[in-house]
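Since the structure comes first, as structure tokens, the remarks are kept for the end.
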Amino acid sequence: MVPGGTLGAGRPFVSFGEPEGYDEKARPRPLGGRMRSQAAAAAACLVLGLGLIGGAVTGSWLAGDSGDGAGSGTFSAAGGLWHSVPVDRLFPPTVQGQGAGPGGADRTWTRIAVAPDSDCEGAFDPLLRKALTPVGCQRLLRATYTDATQSYVTTVGLLFTEADAPAMAALRTRFAKDGLDRRTDLMPLPYAAKDTAAAGFGAEQRASWTISVLTDAPVVVYAVSGWADGRTVDDPEPAEEAMESGATTAPAQAGLGNEAQGLADRIERGLRRDVGSATEQPS
């Protein structure tokens, strides 16, 4: 089948009464023209096929599917983004969350604080730090946002690890198998900045959170949300559960699961776009 054509459209007409390669009077007929056209068609198919394969590889990374575990080029490029991409691209001053709120409502988050990039010393509770130890810590970037009404605050973090693709895949498997992303003793810590709406956003104010271990980049993306008025939370709930239909907990009713998940998703998408740009080759 010729791409874009119909079955048999590219095949020569062959008479069942005469052998292929002869004219209507059974005289030898040169086949060079037909063979050249077939070769040209095959070459066109090869070029088209290579283009489709290349597009699929790029598209799979942007969609979060690593394909063969992670292309070495994109994986390596992602590991260096913490020092090569401006902070305003990793953590934009304003993030739009179309359909990210409860019931598909739109959200807008405004950045109110950016933590200095650092190592992971003191950045996680002991158990979460232990769970992340196998992949190491190259650099940690964090920023805190508030919603349009300044009712909620959310810290989002990008942990750039020292791990290779198999190690990241192993950590993701462990998080999924053991439910580590749902344990309240493995919640990320918020980043509270003085003189901001997040000044009182501490460990006791954590209400909902999400942790995503990427397998196509050496990065762990997380977010943790809470109320901006500094109220303590007795029963924090993972974002995935807080976003379930019919959830009645305080974090769920306030939409704090949506705050954490929605912001983390959009920061992760931005990271993927930056890696795509960094690995583009000039034409």
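Remember, predicted model here, so these are calculated numbers, not experimental data.
- When the shell of 6.0 Å around CD of Glu241 is examined, it contains more than 12 heavy atoms from other residues, nucleotides or ligands.
- Atom CG of Leu263 and atom CZ of Arg266 lie 8.5 Å apart (nearest 0.5 Å).
- Taking the side chain as every heavy atom from C-beta outward, Pro102 and Glu259 never approach each other to under 4.5 Å.
- Val224 and Leu189 fall into different hydrophobic clusters, where Ile, Leu, Val, Met, Phe, Trp and Tyr are joined by side-chain heavy atoms under 4.5 Å apart, directly or via other members.
- Counting only distance, with no hydrogens or angles, the side chain of Gln253 and the backbone of Ala250 share no donor-acceptor pair below 3.5 Å.
- Of all the heavy atoms in Arg142 and Ser118, the pair that sits closest is NH2-OG, 4.1 Å.
- Tested against Tyr222 for a ring-ring contact (aromatic ring centres under 6.0 Å, His included), the candidates Phe124, Phe175, Trp209 yield a single pass: Phe124.
- A donor-acceptor distance shorter than 3.5 angstrom exists from the side chain of Asp106 to the backbone of Gly99, with no hydrogens or angles considered.
- Rounded to the nearest 0.5 angstrom, Thr161 OG1 and Leu140 CG are separated by 12.0 Å.
- Val220 and Tyr191 sit in two unconnected hydrophobic clusters of ILVMFWY residues. Membership requires side-chain heavy atoms under 4.5 Å apart, directly or through other members.
- The existence of a salt bridge linking Arg272 and Asp216 is confirmed by a sub-4.0 Å separation between a basic side-chain nitrogen and an acidic carboxylate oxygen.
- No side-chain heavy atom of Pro190 sits less than 4.5 Å from a side-chain heavy atom of Gln205.
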>> Applying side-chain contact (heavy atoms from CB on, under 4.5 Å) to Phe201 and Thr154, what does each step give before you reach the verdict?
In response: CA-CA 9 Å; Phe201 189 24; Thr154 303; 5.7 Å; no

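- Interatomic distance, CZ of Arg172 versus CG of Leu214, reported as 7.0 Å (0.5 Å rounding).
- Closest approach of Ala169 and Thr215 over heavy atoms only: CA-CG2, 3.8 Å.
- Between Gln261 and Met243, the closest side-chain pair of non-hydrogen atoms falls below 4.5 Å.
- To the nearest 0.5 Å, the span separating OG1 on Thr210 from CG on Asp265 amounts to 7.0 Å.
- Side chain of Thr108 to main chain of Gln96: no donor-acceptor pair is present (N/O by atom type, distance under 3.5 Å, no hydrogens or angles).
- For the pair Arg111 (side chain) and Phe91 (backbone), a donor-acceptor distance under 3.5 Å is present.
- Although no hydrogens or angles enter the test, the distance criterion places no donor-acceptor pair under 3.5 Å between the side chain of Asp117 and the main chain of Leu141.
- Val135 places a side-chain heavy atom less than 4.5 Å from the side chain of Met168.
- Here the closest heavy-atom approach between residue Ala163 and residue Phe75 is recorded as O-CE2, 3.4 Å.
- Residues meeting the side-chain hydrogen bond (donor to acceptor under 3.5 Å, both in side chains) test with Asp229, sequence neighbours left out: Arg231.
- The closest donor-acceptor contact from the side chain of Thr196 to the backbone of Ala192 lies at 3.5 Å or more, if one exists at all.
- Between Ala197 and Val153, the shortest heavy-atom contact is O-CG1, 3.8 Å.
- Within the 4.5 Å cutoff, no side-chain heavy atoms of Pro218 are placed close to those of Gln138.
- Ile112 and Trp227 fall into different hydrophobic clusters, where Ile, Leu, Val, Met, Phe, Trp and Tyr residues are linked whenever their side-chain heavy atoms come under 4.5 Å apart, directly or through other members.
- With Arg206 contributing its side chain and Pro188 its backbone, the two residues share a donor-acceptor pair below 3.5 Å.
- Donor-acceptor pairing under 3.5 Å is lacking for the side chains of Thr110 and Thr146.
- Shown here is Asp235, whose CG atom has no more than 12 heavy atoms of other residues, nucleotides or ligands within 6.0 Å.
- By the neighbour-count criterion of 12 heavy atoms within 6.0 Å, atom CG of Asp195 is sparsely surrounded, having that number or fewer from other residues, nucleotides or ligands.
- Between Tyr152 and Leu256 there is a side-chain heavy-atom pair separated by less than 4.5 Å.
- Note: the hydrophobic cluster containing Leu81 also contains Val95 (ILVMFWY, side chain heavy atoms under 4.5 Å, direct or indirect links).
- Judged purely by atom type and a 3.5 angstrom limit, Thr232 has no side-chain atom pairing as donor or acceptor with the backbone of Glu204.
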After noting the C-alpha distance and the side-chain angles of Leu90 and Ile267, does the key distance pass the side-chain contact (heavy atoms from CB on, under 4.5 Å) rule? CA-CA 7 Å; Leu90 290 174; Ile267 295 300; over 6 Å; no

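- By the 4.5 Å heavy-atom criterion applied to side chains, Leu159 and Cys120 are counted as neighbours.
- Hydrophobic clustering places Val114 together with Val219 (ILVMFWY residues linked when any side-chain heavy atoms are closer than 4.5 Å, directly or through intermediates).
- Panel note: side chain Asp125, backbone Leu127; no donor-acceptor pair is recorded below 3.5 Å.
- Residues Ala264 and Ala223 come closest through the heavy atom pair CB-CB, 3.8 Å.
- Residues Glu121 and Asp119 approach most closely at N-OD1, 3.1 Å, considering heavy atoms.
- Leu271 contributes atom CG, which lies 10.5 Å from atom CZ of Arg89 (distance to the nearest 0.5 angstrom).
- Taking 4.5 Å as the limit, every side-chain heavy atom of Asp181 sits out of range of all side-chain heavy atoms of Leu186.
- One N or O on the side chain of Ser208 and one on the backbone of Glu237 form a donor-acceptor pair closer than 3.5 Å.
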